[in-house]
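Here's the structure, in structure tokens; my notes come after.
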Amino acid sequence: MEFKEFNLHPQVAAGVTAAGYTTPTPIQAQAIPTVMEGRDVMGLAQTGTGKTAAFALPILHRLAQGERGRVRALIIAPTRELAEQINDSFVTLGRQTRLRSVTVYGGVNVNPQIQKLKAGAEIVVACPGRLLDHMAQGTIDLSHLEVLVLDEADQMFDMGFLPDLRRILKQLPPKRQTLLFSATMPIDIRVLAQEILREPVTVQVGNVAPPVTVTHALYPVEQHLKTPLLLELLRHTDTESVLIFTRTKHRAKRLGEQLEKAGYKAASLQGNLSQNRRQAALDGFRDGTFQILVATDIAARGIDVSQVSHVINYDIPDTAEAYIHRIGRTGRAARSGDAFTMVTSEDGAMVRTIERKLNTSLERRTMAGFDYSVPAPKKDTEFARPPRQPMPSRRPAEAKKGGARQGASQQPGSAKPAEGRRPQQQGAKLHPARTAGAGGQRSSQQRRQPR
Ligand code: AMP
């Protein structure tokens, strides 16, 4: 299939060429004609499938014809980063249309948003909290809305945005086209979809299976040896850019600092950062200034970093869905990537859940030359597993003044900050590999050669 078969408006077709897309991805092949027909769509797709262009292209096609200066398309997304990313896609794909788009989210000055809205925009990409503020203040007019997109609906639900969404939906013109995208379908999203979609067409791509181009491996290790093993892995793996996930923002921050000390260009992305610093970390990771980005799930979800060669789960995620989301960051758009997960003896049940979900058993690997027998230092809880945190259930702080939304209710882990180094863990290339630690792993060679 080729893009020209869609008969997109010539100015939009030019955007496809400018973006360098030649063949539509499966979700695009399914969704674009359906959206162009004006049908409501329920899209089951995770990031990395090309879903943004799947809704952006037909929306641009529609908006390129007709009235200007009024908000005709509204895209609601859970995080500021995702909102910026979606907006970037509209800008790239729609450059020739001269349609105007505005991002609307909290944590930044409201005035530039008001000015841009006043100047006239056809497309608004918003996070729910700040959007509600604009609606309450009368600084946005949505009475001419034609298309509504809810992107990453399950994430919005996880982040406690459902009540805000319902408030927004009540105030939107009922006669409109609605597209709902979600990687998973929890019952609340299913109910919401039934309420707001009219005779929807379901398009579904890879919501359970991760991208086929990703190689998965588990690295059984004891909690206190995770950082030395990570350093060893990085030393012996041919990586381009690496996204590392931790369970808490505290661990993300600390691990980022440890990697920097070890000589890596690393940044961490977590909810405590100001919006400017978050954006700087993201931009730096995208442009290669930082080779490594350490992030929590909430901080990183939905972020499109097409060049990620490796995803490393320093902490195993809490759900199989989160695992799929995390590793969806690598192997995107037909590139290949590796996903490494460090697992401790406590993670056995979650490993089984993930294996069941993926319908495959994951390879266990042992790092050759790494001493798995180094005992845990006494009285040092630096590497203690933090308690599992519930997902935020209150309205996140993106609309709050200066609020750092992602992970709003995350608490720092119970682990104490690092106090002094344990020299035996630095370097860690002490003895030949032994099959030890979390148990059950079988020895295997590193797939890639040392650099
Ligand atoms: P998304 O799932 O929307 O986050 O897109 C994932 C990545 O795939 C982004 O970097 C897009 O620019 C890229 N992409 C989307 N559609 C195509 C396409 N048809 N061909 C190649 N790359 C694409």
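Start at 1 and go down the list; that is how both ligands and their atoms are numbered.
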Q) Can you say whether the rings of Phe55 and Phe90 are parallel (under 30°), tilted (30 to 60°) or perpendicular (over 60°)? A) tilted

Practice prompt. May I ask you to decide if the ring planes of Phe340 and Tyr219 are parallel, tilted or perpendicular, using 30° and 60° as cut-offs?
Written response: perpendicular

With heavy atoms and a 4.0 Å threshold, my read on which part of Phe3 contacts ligand 1 is side chain

Sequence neighbours excluded, the answer for salt bridge (Lys or Arg N to Asp or Glu O under 4.0 Å) partners of Arg166 is Glu195

Residue set satisfying side-chain hydrogen bond (donor to acceptor under 3.5 Å, both in side chains) with Gln194, at least two apart, ordered chain then number -> none

- Task: Please check if the side chain of Glu355 supplies one atom and the backbone of Leu362 the other of a donor-acceptor pair under 3.5 Å.
- Result: yes

- Under 3.5 Å between some N or O of ligand 1 and some N or O of Thr47? no

Margin query: Considering both backbone and side-chain atoms of Thr49, is one of its nitrogen or oxygen atoms within less than 3.5 Å of a nitrogen or oxygen in ligand 1?
Written below: yes

| request: Check whether any N or O atom of Gln28, backbone or side chain, sits under 3.5 Å from an N or O atom of ligand 1, and answer yes or no. | output: yes

Report yes if some N/O of Gly48 lies less than 3.5 Å from some N/O of ligand 1; otherwise report no. yes

So the atoms of ligand 1 within less than 4.0 Å of a heavy atom of Thr52 turn out to be 1 (P), 3 (O), 4 (O)

Taking both backbone and side-chain atoms of Thr23, is any N or O found less than 3.5 Å from an N or O belonging to ligand 1? yes

Which of Lys175, Arg70, Arg62, Gln177 passes side chain to side chain donor-acceptor pair (under 3.5 Å) with Glu146? It is Arg62

Pro24 versus ligand 1: do any nitrogen or oxygen atoms come within less than 3.5 Å of each other?
no

